[in-house]
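Just below is one structure, and these are the notes that go with it.
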Amino acid sequence: ESDVAVRLLCCNTISATTLVFFFFLMIRRPPRSTLFPYTTLFRSMILDDFFWRAVFAGMGVALVAGPLGCFVVWRRMSYLGDTMAHSALLGVALGFFLEVNLMLGVFVIAVLVAMLLFFFQRQKQLANDAVLGTLSHASLAMGVLLISLMVWVRIDLMGYLFGDILAVSLVDLYWIYGGGFLILLILFRLWRPLLAITFDNDLAQAEGVPVVRVELIFMLLIAAVIALSMKIIGILLVTSLLIIPVSAARRFSRTPEQMALGGALIGMASVGLGLGASLQIDTPSGPSIVIAAVLFFFAANLLPMRKLQ
């Protein structure tokens, strides 16, 4: 509990510092020659189709990340999500090397990492944090090395690490909404078993819930969400969309279903605000979305709390 509290305090401190900088950029005084300071923003939002592709893609990812993120928060699996997210860079390198769709490459590597994590967790010979840290750093290092060896490929690492709204194509939208629908369908079927495992693993197993199979499928769903959200949020920040919106929604939720719905709505609002700010002040889309989600998180903490029952 103390480690979690310290980690959360550090994250909030860093987020607050970044938030101040974000506000400074947003309220900076426009040039005197500009009659309406945000005319350029609105004109770009209307005319630029790449912006709307990014918005629709982000909304689709947030809609899926909300319900799935509830279980990540309840089961304290944020570090596992970070490990699988860091492996996405190796998936990007694999996609470029094999000349296949990058989302497919990221999904394949994330699935392999999930299987390794599942195997080591079942062996119980090493502590979970040691396994997670080893696989996280190993996959990230292998991704960087493989990309550096492919001198014939020009790769914008900043775009993949922190998101790039220019990188979203119509094909990506098909992947996001097709894959998102499948993820939500599977999650709907596994909702009750996952709740039972989350509250009491041993009791769920005694009641006949296939714990091993459900946990494995859940890790595969996380891998799929990471692959879908890579271009919008970025590899290093992808887990934040699973954690921050549902953490904010938890303050006002009385049931697990309300928390899932609230997390999805806050995530979608964060995507809209973050992408708008990214277009206006020319910042990476991933950090802009995360800061918007942090705004909701801080706002939720300032309001009266209704505990989840």
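With hydrophobic clusters built from ILVMFWY side chains whose heavy atoms lie under 4.5 angstrom apart, Met150 shares a cluster with Leu94. With hydrophobic clusters built from ILVMFWY side chains whose heavy atoms lie under 4.5 angstrom apart, Val113 shares a cluster with Phe119. When hydrophobic clusters are built by joining Ile, Leu, Val, Met, Phe, Trp and Tyr residues whose side-chain heavy atoms come closer than 4.5 Å, directly or via intermediates, Leu90 is not grouped with Leu149. The cluster map of Ile, Leu, Val, Met, Phe, Trp and Tyr, joined by side-chain heavy atoms under 4.5 Å apart, puts Phe107 and Phe181 in different clusters. Residues Phe188 and Val72 are members of separate hydrophobic clusters, defined by side-chain heavy-atom contacts under 4.5 angstrom among Ile, Leu, Val, Met, Phe, Trp and Tyr.
Annotation: side chain of Pro67 is in contact with side chain of Leu184 (closest heavy-atom distance under 4.5 Å). At least one side-chain heavy atom of Leu241 sits under 4.5 Å from a side-chain heavy atom of Pro245. Proximity of Leu182 to Ile186: side-chain heavy atoms (C-beta onward) are separated by under 4.5 Å at one or more points. Within the 4.5 Å cutoff, the side chain of Leu275 has heavy atoms near those of the Val271 side chain. Using a 4.5 Å cut-off on side-chain heavy atoms (C-beta onward), Pro256 and Leu195 make contact. Between Val64 and Ile176 there is no side-chain heavy-atom pair separated by less than 4.5 Å. Within the 4.5 Å cutoff, the side chain of Ile233 has heavy atoms near those of the Ser240 side chain.
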Go through Phe296 and Ile244 one step at a time and tell me if the side-chain contact (heavy atoms from CB on, under 4.5 Å) criterion holds.
CA-CA 9 Å; Phe296 286 106; Ile244 301 177; over 6 Å; no

side-chain contact (heavy atoms from CB on, under 4.5 Å), that's the test. Do Val246 and Arg250 meet it? Break it down for me.
CA-CA 6 Å; Val246 295; Arg250 187 173 189 173; over 6 Å; no

Yes or no on side-chain contact (heavy atoms from CB on, under 4.5 Å) for Val73 and Ser247, after CA distance, side-chain angles and deciding distance?
CA-CA 7 Å; Val73 172; Ser247 297; 4.0 Å; yes

Checking side-chain contact (heavy atoms from CB on, under 4.5 Å) for the pair Val238/Met230: CA distance, chi angles, key distance, verdict?
CA-CA 7 Å; Val238 65; Met230 172 190 64; over 6 Å; no

Given ring-ring contact (aromatic ring centres under 6.0 Å, His included), test Phe71 with Trp74 step by step and report yes or no.
CA-CA 5 Å; Phe71 292 101; Trp74 291 332; 5.2 Å; yes

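Closest non-hydrogen pair, Leu146 versus Ala93, comes out as CD2-CB, 3.6 Å. The minimum heavy-atom distance linking Asp172 with Val168 is given by the pair OD2-CA, 3.6 Å. Of all heavy-atom pairs between Ala57 and Leu173, the closest is N-CD2, 3.5 Å. When all heavy atoms are compared, the tightest approach of Pro193 to Val209 is CB-CG1, 3.9 Å. Annotation for Ala224 and Ile183: closest pair CB-CD1, 3.5 Å, computed over non-hydrogen atoms. In this structure, His86 and Ser139 approach most closely via the heavy-atom pair C-OG, 4.0 Å.
Separation of atoms CE (Met142) and CG (Leu89) is listed at 11.0 Å; rounding is to 0.5 Å. Note: Leu221 CG to Ile217 CD1 = 7.5 Å, rounded to the nearest 0.5 Å. Distance check, rounded to the nearest 0.5 Å: CE of Met103 to CG of Leu228 gives 6.0 Å. If you take CD1 on Ile226 and CD1 on Ile235, they are separated by 10.0 Å, rounding to the nearest 0.5 Å. For the atom pair CE of Met84 and CG of Leu132, the computed distance is 10.5 Å after rounding to the nearest 0.5 Å. Rounded to the nearest 0.5 Å, atoms CZ (Phe218) and CZ (Arg75) are 6.0 Å apart.
Counting only residues at least two apart or in different chains, salt bridge (Lys or Arg N to Asp or Glu O under 4.0 Å) contacts with residues 180-195 comprise Arg192-Glu257.
The environment of Met115 atom CE is sparse: at most 12 non-hydrogen atoms of other residues, nucleotides or ligands sit within 6.0 angstrom. In this structure, Phe97 places its CZ atom where only 12 or fewer heavy-atom neighbours from other residues, nucleotides or ligands lie under 6.0 Å away.
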Under 3.5 Å donor-acceptor pairs involving side-chain atoms of residues 260-267, not counting sequence neighbours:
none

